[in-house]
Amino acid sequence: MRIRCPEGNSSCAAVSLSLNNCPTTSIVHYSKMSRQLLSGHKVEQASEEEVTSMEIVPFVRGMVRILPEGWLYPGSAPTYLDKIYNMKFRSDDVMVMTFPKCGTTWMQEIVWTMLHNPNLDNPKGNEAIWFRSQDISLDMHMDAEAMGGKLWNPIMEKFEKMCPGGRVEDGVSLQILEATAGPRVIKCHYPFSLLPPEMLQSAKVVYVTRNPKDMMVSFYWFWKDCSIFEYRGNFENCVRQLMNGTTLFTPYWPHVKEAWQKRHDSNVKFVYYEDLKADIMLELRKLNEFLGTRLCEEKLEAVAQHTSFSSMKRKGDNHEKDFFGETKFNKNETKASFYRKGTTGDWKHQFSPELQEEVDSWIEENVAGTDICLKWALGQ
Ligand code: PPS
């Protein structure tokens with residue numbers, strides 16, 4: 001649902017990104033406000049034109065750009081970013097950090113299984129991964145105030161049980177995370193520069209990236225399939241927005257480059273989705289060492305099977321229902337949103353030769369002068 005604002009009006013009626021499909025109207029003010037985050041970043045309200053050009057249902061508080069990089073997030077993000085900057089990470093925390101659609105959910109399940117379910121007999125392993133591994137970048141999507149201080153049901157029940165007296169506006173994910181026993185597996189789409197600098201003195205980070213062309217295809221289909229975004233764009237527009245840094249979560253390159261610079265830190269593991277697909281056992285052995293989980297080959301084999309695409313997809317449909325409850329997460333009910341194809345090279349079925357050339361030039365320009373290892377994605 002989209003409510004148009006009158007011509008020339010500086011404020012606009014909008015809907016909250018409400019997963020129960022019961023949008024609440026509110027007023028977005030596209031005023032030129034700016035403030036500073038604890039991380040030192042500057043926050044600027046994105047203009048109405050920028051928001052409209054994203055072709056998704058607007059957030060109640062509009063969108064903000066976090067400068068200097070220009071990260072584009074929902075208007076609630078600054079409140080949560082300051083809370084996250086003050087967060088105390090624990091020595092047994094493991095964070096799975098990604099630019100969206102690069103293999104987050106897969107890695108969350110791998111890490112959680114290695115830490116909590118190596119014998120595959122932990123009953124909690126049947127819960128949706130999103131309950132077991134909290135996403136610290138989720139709260140900004142909720143526009144909690146506009147939703148009358150309530151979220152949709154399964155997560156609200158979990159929140160009330162785990163955080164009695166907690167306020168939704170203070171961040172449901174953040175508070176559930178605080179109340180979660182370790183070792184915690186934390187999901188995060190924010191880049192390193194927005195997180196506390198001392199985080200790596202205690203927490204470990206597994207950073208996953210992927211061929212940007214496959215990320216783009218995955219991004220597009222997620223938006224198309226996921227009815228809450230009401231995405232009206234076509235594939236080419238989506239790719240251009242991802243390249244130009246004009247859509248939610250962008251820009252892409254600074255996100256990857258910040259992680260690449262930290263890849264030699266003993267608490268950082270930089271992983272490619274393609275390597276996981278090519279030789280999962282090799283990657284699991286490396287993770288075993290990184291996480292200090294000391295699993296034998298047989299257990300690693302079992303983890304590989306348990307977290308394979310077919311296994312996760314089989315359970316995934318139920319997991320989506322468990323997490324999102326009666327909400328209509330997926331308009332096209334024949335397809336699960338998170339477990340689509342799980343392959344490498346799907347972009348070849350989606351890109352025209354012209355678009356491929358454009359994206360390859362974009363990759364080439366952005367890796368030029370760096371030793372970042374993504375040149376293999378050119379023409380691949
Ligand atoms: S999100 O929304 O950002 O958390 O999405 P994310 O999990 O990062 O990425 C979704 C893509 O990962 C694929 N996926 C997998 N691939 C291989 N094996 C397993 N087990 C697996 N689980 C999820 C998922 O299908 C999305 O990729 P596409 O290309 O769209 O299929």
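Just the heavy atoms: all of them, side chains too, but no hydrogens, waters or symmetry mates, feed the values below. Remember, it's 1-based here, ligands and their atoms both numbered in the order they're listed. When a residue number appears, it is its place in the shown sequence, counting from 1. What you see is a predicted model; the values in this text were computed from it and never measured.
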K.L.:
So is His189 touching ligand 1 or not, going by heavy atoms under 4.0 Å?
P.N.:
yes
K.L.:
Counting C-beta onward and ignoring hydrogens, is there a side-chain heavy-atom pair between Glu55 and Gln241 closer than 4.5 Å?
P.N.:
yes
K.L.:
Take the angle between the ring planes of Tyr190 and Tyr73 and call it parallel below 30°, perpendicular above 60°, tilted in between.
P.N.:
perpendicular
K.L.:
Is the shortest distance from a heavy atom of Tyr339 to ligand 1 less than 4.0 Å?
P.N.:
yes
K.L.:
Just say parallel, tilted or perpendicular for the rings of Phe219 and Trp223, cut-offs at 30° and 60°.
P.N.:
tilted
K.L.:
Counting only heavy atoms, which portion of Trp221 has something under 4.0 Å from ligand 1: side chain, backbone, both, or neither?
P.N.:
neither
K.L.:
Taking N or O atoms only and a 3.5 Å limit, does Phe99 qualify as a polar contact for ligand 1?
P.N.:
no
K.L.:
Within a distance under 4.0 Å of any heavy atom of Met312, pick out the atoms of ligand 1 and give their elements.
P.N.:
20 (N)
K.L.:
Using the side chain to side chain contact (heavy atoms under 4.5 Å, CB included) definition, which of the options Ile280, Leu115, Val206, Val96 pairs with Ile110?
P.N.:
Ile280
K.L.:
Give the contacting part of Arg340 toward ligand 1: side chain, backbone, both or neither, where contact means a heavy-atom distance below 4.0 Å.
P.N.:
both
K.L.:
Which ligand 1 atoms, with their elements, are less than 4.0 angstrom from a heavy-atom of Thr104?
P.N.:
1 (S), 3 (O), 4 (O), 6 (P), 7 (O), 8 (O)
K.L.:
Could you give the side-chain donor-acceptor pairs of residues 297-304 under 3.5 Å, partners two or more places apart or in another chain?
P.N.:
from, atom 1, to, atom 2, distance (Å)
Glu297, OE1, Arg285, NH2, 3.2
Glu297, OE2, Arg285, NE, 2.8
Lys299, NZ, Asn119, OD1, 3.1

K.L.:
With ring centroids as reference points, do Tyr80 and His141 lie under 6.0 angstrom apart?
P.N.:
no
K.L.:
Which of the numbered atoms in ligand 1 are under 4.0 angstrom from any heavy atom belonging to Lys187?
P.N.:
4 (O)
K.L.:
Which bit of Lys313 is near ligand 1, meaning a heavy atom under 4.0 Å away: side chain, backbone, both or neither?
P.N.:
neither
K.L.:
Within a reach of under 6.0 Å around CD of Glu178, are more than 12 heavy atoms found that belong to other residues, nucleotides or ligands?
P.N.:
no
K.L.:
Considering both backbone and side-chain atoms of Tyr273, is one of its nitrogen or oxygen atoms within less than 3.5 Å of a nitrogen or oxygen in ligand 1?
P.N.:
yes
K.L.:
Yes or no on ring-ring contact (aromatic ring centres under 6.0 Å, His included) for Phe249 and His189, after CA distance, side-chain angles and deciding distance?
P.N.:
CA-CA 8 Å; Phe249 287 113; His189 286 317; 5.3 Å; yes
K.L.:
Can you check which of Lys341, Arg210, Met216 brings a heavy atom nearest to atom 29 (O) of ligand 1?
P.N.:
Arg210
K.L.:
Other than Tyr85, what residues sit in its cluster of Ile, Leu, Val, Met, Phe, Trp and Tyr side chains whose heavy atoms are under 4.5 Å apart, directly or through others?
P.N.:
Leu38
K.L.:
Under 3.5 Å, N or O to N or O, is Pro100 touching ligand 1 that way?
P.N.:
no
K.L.:
Which atoms of ligand 1 have any heavy atom of Ser218 under 4.0 Å away?
P.N.:
11 (C), 26 (C), 27 (O), 28 (P), 29 (O), 30 (O)
K.L.:
Judging by distance only, is a nitrogen or oxygen of Lys277 under 3.5 angstrom from one on ligand 1?
P.N.:
no
K.L.:
Could you check whether the rings of Tyr273 and Trp106 sit parallel, tilted or perpendicular, using 30° and 60° as the cut-offs?
P.N.:
perpendicular
K.L.:
If the cut-off is 4.0 Å to any non-hydrogen atom of Ser308, which atoms of ligand 1 fall inside it?
P.N.:
20 (N)
K.L.:
How does Thr307 reach ligand 1, by side chain, by backbone, by both or by neither, if only non-hydrogen atoms under 4.0 Å count?
P.N.:
backbone
